[in-house]
*Asks:* 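Dumping the structure here so I can ask a few things about it.
None of the values given here were measured: they were computed from a predicted structure. For ligands, and for the atoms within them, numbers begin at 1 and follow the listed sequence.
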Amino acid sequence: MRIVDHVISGGTSGSTGRTSPIFDPNAGDVQAEVNLGGQAQLDKAVDAALAAQPAWAATNPQKRARVMFRFKELVEAHMDELAHLLSSEHGKVIADAKGDVQRGLDVIEFCCGIPHASKGEYTQGAGPGIDVYSMRQPLGIGAGITPFNFPAMIPMWMFGPAIVTGNAFILKPSERDPSVPVRLTELMLEAGLPEGILQCLHGDKEMVDAILDHPAIGGVSFVGSSDIAHYVYQRGVAAGKRVQAMGGAKNHGIVMPDADLDQVVNDLSGAAFGSAGERCMALPVVVPVGEDTADRLREKLLPAIAALRVGVSTDDEAHYGPVVNQAHKERVEGWIQKGVDEGAELVVDGRGFSLQGHEKGFFIGPSLFDHVTPDMESYKEEIFGPVLQIVRAKNFEEAVALPSQHQYGNGVAIFTRNGNAAREFAARVNVGMVGINVPIPVPVAYHSFGGWKRSAFGDTNQHGMEGVKFWTKVKTITQRWPDGSADGSAENAFVIPTMG
Ligand code: NAD
């Protein structure tokens with residue numbers, strides 16, 4: 001059995017003896033085991049990070065950026081290998097796996113411009129002979145705890161900005177698909193990153209708690225489900241750390257009566273069912289405005305759903321592959337049953353789907369619910385599977401209220417030809433990322449990613465300038481170079497200084 005191990009500078013410091021299975025979602029078998037670490041592995045990694053970080057922080061920003069350039073070239077050269085590895089553990093189709101890697105690389109490209117992006121501010125002559133300037137300094141050691149659904153992109157969201165600003169970084173990826181994070185760590189070292197600056201430790205709650213409590217770790221970035229995000233946020237902050245913790249989602253797509261329904265159906269098919277719905281920016285709720293819009297949309301959705309091809313993740317023709325493991329498959333199917341029990345109309349039932357030759361694989365067919373209402377648990381909670389729910393709204397006001405009042409506030413989209421309606425919707429909706437005729441409004445790397453409400457705890461987003469801010473502390477220096485003309489009088493020394 002293949003064993004996926006930690007990447008710790010100077011060796012792995014033994015083992016806890018605990019492991020976790022890595023499945024092959026296409027076949028339904030265990031394909032490897034990952035070593036789960038604990039306090040001893042973390043302490044070893046922190047020691048290596050403490051030894052290496054001061055010299056890395058003192059390396060000028062162009063040189064740090066050059067490592068990112070070389071890493072980008074290496075990842076591009078290894079794109080096929082990484083996409084296949086990612087797909088084999090996660091189950092997303094190869095083209096989507098390449099997208100996962102590429103969206104992470106976009107952040108690395110941003111990091112290549114760090115000399116410009118991390119410049120401080122300067123005020124000459126803030127007072128008599130006084131200048132004020134600020135500089136951004138690294139936190140020291142940062143840590144990132146990442147979910148299974150983007151095993152390339154989300155680690156790069158975190159370690160790119162953290163490392164290029166001069167921190168050492170400890171990555172704790174999902175134990176369900178840890179091999180790509182390990183390869184990314186190896187490629188960073190191959191790109192010339194000094195030992196100790198990026199290490200990859202595997203584990204579950206035991207490792208996460210050790211990270212949250214470790215006094216030498218100054219900042220923690222987390223992405224995963226909301227209850228755990230909230231827990232990580234509270235425990236990390238209580239230990240005096242800077243924490244950003246992104247959580248779950250239930251994104252709505254509002255369809256106005258004037259929308260181009262063919263385009264909407266095309267967009268929804270990918271946004272609701274792509275990656276088997278295992279995206280925090282998936283669009284699992286569609287809100288047609290008016291009964292007529294709802295009926296026309298439902299009619300067009302049915303043939304589109306019937307045409308979806310569910311296949312093994314290496315099938316170039318497949319629209320989506322299996323979900324990550326059997327437990328998740330059962331969870332999604334449980335939510336479908338819950339929707340039925342709550343009285344929603346199950347128009348298309350994806351349960352019981354079997355792929356010939358891959359009967360043990362974790363496949364779920366696409367499901368469509370109509371007449372879902374806001375009081376239903378299956379509406380309130382995240383399903384994270386290939387399930388689309390239609391919630392009919394009477395008018396625009398009701399359509400704005402639905403995502404605004406939902407417990408999650410990650411992303412939302414509106415489909416319309418009416419600029420005024422779109423503009424008003426974007427201004428009023430209580431959600432962090434908005435798409436206008438864009439179904440998956442994941443901001444580009446030089447903007448920043450982050451939801452509202454239970455979709456994110458903490459006040460700084462991922463990547464872009466928000467990432468630079470999160471991984472650095474501002475130091476502000478007020479300097480005076482006396483010209484010798486002062487009379488030395490201490491008359492005002494006991495009054496709070498003003499600039500006159
Ligand atoms: P998860 O919460 O189960 O796991 C996330 C991380 O937390 C993993 O590294 C895991 O090892 C660790 N973990 C698991 N149990 C823990 C515990 N009890 N205590 C401490 N740490 C624990 O999430 P997942 O299933 O891997 O990922 C899917 C979730 O992530 C979905 O809810 C999805 O919406 C969310 N997500 C959010 C974003 C975002 O940016 N908002 C992006 C991607 C995924």
Side-chain angles (χ1 to χ4, degrees), residues 4 18 20 22-23 34-38 89-92 100 103-104 107 143-158 170-178 180-181 200-213 220-236 243-251 275-284 323-325 327-329 331-332 335 381-385 406-412 431-433 440-443 448-458 460-463 466-467:
V4 178
R18 296 195 308 124
S20 183
I22 303 169
F23 293 97
V34 56
N35 280 335
L36 300 179
E89 293 184 355
H90 176 285
K92 65 176 77 175
D100 189 333
R103 287 305 294 243
V107 173
I145 300 156
T146 57
F148 83 86
N149 69 323
F150 279 99
M153 177 183 81
I154 294 178
M156 285 191 263
W157 276 4
M158 297 177 184
I170 293 172
L171 173 64
K172 205 303 286 172
S174 170
E175 62 277 34
R176 298 187 216 168
D177 48 8
V180 165
C200 182
L201 298 186
H202 306 292
D204 50 14
K205 183 173 173 12
E206 186 180 328
M207 178 61 86
V208 171
D209 286 349
I211 289 172
L212 293 173
D213 295 344
V220 175
S221 182
F222 173 91
V223 177
S225 51
S226 287
D227 287 348
I228 299 175
H230 192 214
Y231 165 78
V232 164
Y233 180 74
Q234 287 182 314
R235 188 161 175 157
V243 184
Q244 56 177 193
M246 276 62 190
K250 190 89 181 204
N251 305 326
S275 195
E278 293 171 321
R279 289 183 186 139
C280 68
M281 288 297 273
L283 216 53
V323 297
V324 69
N325 61 23
H328 191 55
K329 177 177 163 157
R331 190 179 164 275
V332 172
W335 276 117
E381 298 297 332
E382 180 180 45
I383 296 177
F384 222 55
H406 201 281
Q407 62 166 332
Y408 295 117
N410 216 35
V412 69
V431 170
M433 292 174 280
I440 306 183
V442 177
S448 73
F449 183 106
W452 290 3
K453 298 179 280 182
R454 277 181 58 76
S455 293
F457 304 93
T460 315
N461 281 354
Q462 298 280 351
H463 64 71
E466 292 271 293

*Asks:* Please say which of Leu201, Leu36, Leu212 ends up in a side-chain contact (heavy atoms from CB on, under 4.5 Å) with Met207.
*Replies:* Leu201
*Asks:* For the pair Trp157 and Phe449, name the ring-plane relationship: parallel under 30°, tilted 30 to 60°, perpendicular over 60°.
*Replies:* tilted
*Asks:* In Å, rounded to the nearest 0.5 Å, how long is the span from CZ of Arg235 to NE2 of His230?
*Replies:* 14.5 Å
*Asks:* At what distance, to the nearest 0.5 angstrom, does NE2 of His202 lie from CZ of Arg18?
*Replies:* 13.5 Å
*Asks:* Tabulation required: pairs of a nitrogen or oxygen in ligand 1 and a protein nitrogen or oxygen under 3.5 Å; columns are atom names and distance to 0.1 Å; otherwise 'none'.
*Replies:*
{"residue": "ligand 1", "atom": "2 (O)", "partner": "Ser225", "partner atom": "N", "Å": "2.9"}
{"residue": "ligand 1", "atom": "2 (O)", "partner": "Ser225", "partner atom": "OG", "Å": "2.6"}
{"residue": "ligand 1", "atom": "9 (O)", "partner": "Thr146", "partner atom": "O", "Å": "2.8"}
{"residue": "ligand 1", "atom": "9 (O)", "partner": "Lys172", "partner atom": "NZ", "Å": "2.9"}
{"residue": "ligand 1", "atom": "11 (O)", "partner": "Lys172", "partner atom": "NZ", "Å": "2.7"}
{"residue": "ligand 1", "atom": "11 (O)", "partner": "Glu175", "partner atom": "OE1", "Å": "2.6"}
{"residue": "ligand 1", "atom": "25 (O)", "partner": "Arg176", "partner atom": "NH2", "Å": "3.2"}
{"residue": "ligand 1", "atom": "26 (O)", "partner": "Phe148", "partner atom": "N", "Å": "3.0"}
{"residue": "ligand 1", "atom": "30 (O)", "partner": "Gly224", "partner atom": "O", "Å": "3.2"}
{"residue": "ligand 1", "atom": "32 (O)", "partner": "Glu382", "partner atom": "OE1", "Å": "2.6"}
{"residue": "ligand 1", "atom": "34 (O)", "partner": "Glu382", "partner atom": "OE2", "Å": "2.6"}
{"residue": "ligand 1", "atom": "41 (N)", "partner": "Gly247", "partner atom": "O", "Å": "2.8"}

*Asks:* Has Lys172 got its NZ or CZ under 6.0 Å from the middle of the six-membered ring of Phe222, at an angle within 45 degrees of the ring axis?
*Replies:* no
*Asks:* Evaluate the criterion side-chain contact (heavy atoms from CB on, under 4.5 Å) for residue pair Phe148 and Glu278; output intermediate values, then yes/no.
*Replies:* CA-CA 9 Å; Phe148 83 86; Glu278 293 171 321; 3.6 Å; yes
